[in-house]
Amino acid sequence: MAGSQKESYKKIFAKIKEHHTWFANSIPLIASENIPSPAVREAIVSDFGNRYAEGWPGERVYAGCTYIDDVEFECIKLAKRLYKAKFADVRPISGVVANLVIYSAFSNPGDVMLAPSIPAGGHISHGKKEHSGTAGLVHGLDIEFYPFDAQEMTIDVDKTKKKVAELKKSGRLAKIAMFGGSLFLFPHPVKELSDFLKGYGVHINYDAAHVAGLIAGGRFQNPLREGADTMTMSTHKTLFGPQGGLVLGSEEHAEQIKKATFPGLTSSHHINNMAAKAVAFAEALEFGKAYADQVIKNAKTLAVALSDAGFKVLGERRGFTESHQIAVNVLDYSDGGKVEADLEKANIIVNRQLIPGDIKAGRNYFHPGGIRLGVSEITRLGMKKDQMCEIAGLIRQVVIEKKDPKKLLPRIKALRKNYQKVRFCFDDKLGAYEYVRLR
Ligand SMILES: *Cc1c(COP(=O)(O)O)cnc(C)c1O
């Protein structure tokens, strides 16, 4: 027998608590994650999460939305200010849903979309039907990949122009050009390609899921100024959380986007998370520049330290990274899957990563050639240069020197001792990983 439901009930909370303790004593380096402030967590547990508010604020199809509307107007205002955008829809509940909003608003099933392939940094939500990618599987888009320059680690501009002209010739001109990605070290050539693509009438979307916080801080490219028509994102990677999505654009695209979001792709838009997004946007307006600055400094420092420690860090020719991410080829030691597992035993949390050349060499997602590291979370905890160097040394001990990961745990606990609060926020009363009991 599997035990009573009361035992399960207790076990659930025990496991969540163990998770909190684990993360408080770990080096969290997942590039798509961050740690929200106590203020964002407070909004998430509010009663807003139990309500419906379908429609646009002020024009809802539900009663009881008085205060929700006030907060959503505030949220829209802050999102527009943060990205200097004319229009913002804060309702998409995730980055994938935000991308689906764009597909639905600006293309039809059967249309072609230009997007980065996954080893070239693309996200599965840009992917083909045969890979169960959202664009192909859910909206029936026919995906063509950008030509990619693996030395420069970005989209190849000249080859892309050629490809677009060829697609046009064969009657398969792309309806949407999708920029942005998940392995994302350097800005994409939006400025270089936007006039060209617009000449063909292609809708340009920039998926800022990973770099939204860096763009907000003015430390990455500025897609809406460089010619992107619309921009989608997750609100929790380099932005300050909660998990959610956002679509930005101009007035011209507003009606199509609104209809695609509701009723097209949401019913409840998770109102508590909408309120938490508003809090995060306010934090980003106040602290975003200083944060983005430190994130990029830390990423560069960690990349150099890893390279000095003997690792093959990608993007060397261009200084390794201009974002929060670092990608490392680990094939000299084993593969990305094994390295991920070994590091986890030392409480160093990274993820395995397909890198350029993997698919051709027959490697797959379970045993890819690389790992990806992100410094968003450890930067939000206040870590700087010295800690980056120490972390690179710890990773070296596990992966290159093959030390027993368990032996490193006390050092990692000591390293975390002074970094238990969320920085770059208005109120820091609650600890970053402090467990809150409400029962
Ligand atoms: C993470 C990611 C997404 C998906 O975002 P969710 O909020 O998890 O749905 C979309 N696009 C890119 C490029 C991403 O990296």
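Counting convention: from 1, in listed order, for ligands and their atoms alike.
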ring-ring contact (aromatic ring centres under 6.0 Å, His included) assessment of Tyr206 paired with Phe179: CA-CA 5 Å; Tyr206 185 99; Phe179 288 97; 7.1 Å; no
I'd like to know if [X] contacts ligand 1, where contact means a heavy-atom distance under 4.0 Å to any ligand atom.
X      : value
Lys237 : yes
Ser125 : yes
Gly181 : yes

So which heavy atom in the protein is nearest [atom], and how far is it from that ligand atom?
atom                    : value
atom 11 (N) of ligand 1 : Asp207 OD2, 2.6 Å
atom 4 (C) of ligand 1  : His123 CE1, 3.4 Å
atom 5 (O) of ligand 1  : Ser234 OG, 2.9 Å

Can the ring centroids of His123 and His210 be said to lie less than 6.0 angstrom from one another? no
Check for me whether the distance between the ring centres of His270 and Phe48 falls short of 6.0 Å.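 No, the ring of His270 stays outside the 6.0 Å limit from the ring of Phe48, centre to centre.
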Just distances here: any N/O of His126 and N/O of ligand 1 closer than 3.5 Å? no
Could you tell me whether some N/O pair between Gly95 and ligand 1 is separated by less than 3.5 angstrom?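 N/O-N/O distance under 3.5 Å: yes.
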Can you sort out which atoms of ligand 1 are near Ser94, meaning under 4.0 Å from one of its heavy atoms? 7 (O), 9 (O)
List every atom of ligand 1 that sits less than 4.0 Å from any heavy atom of His210, numbering the atoms from 1 in the order shown and giving each element. 15 (O)
In terms of relative ring orientation, are Phe87 and Trp56 parallel, tilted or perpendicular, with 30° and 60° separating the classes?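 Answer is parallel, since the angle falls under 30°.
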Determine the interplanar angle of the Tyr291 and Phe240 rings, folded into 0 to 90°, and report it as parallel if under 30°, tilted if 30 to 60°, perpendicular if over 60°. perpendicular
Region of [X] engaging ligand 1 - heavy atom pairs below 4.0 Å:
X      : value
Val96  : both
Ser182 : both
His236 : side chain

Between Asp428 and Ser37, does any side-chain donor sit less than 3.5 Å from a side-chain acceptor?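 Per modelled atom types, Asp428 and Ser37 side chains form no pair under 3.5 Å.
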Taking atom types as modelled and ignoring hydrogens, do the side chains of His253 and Asp229 form a donor-acceptor contact shorter than 3.5 angstrom?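 No - no donor-acceptor pair under 3.5 Å links their side chains.
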Would you kindly check if the NZ (Lys) or CZ (Arg) of Arg81 is within the cone defined by 45 degrees around the ring axis of Phe281 and under 6.0 Å from the six-membered ring centre?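 No; the conditions do not both hold, so Arg81 does not lie above the ring face of Phe281.
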If the threshold is 4.0 Å, N to carboxylate O, is there a salt bridge linking Asp342 and Lys338? yes
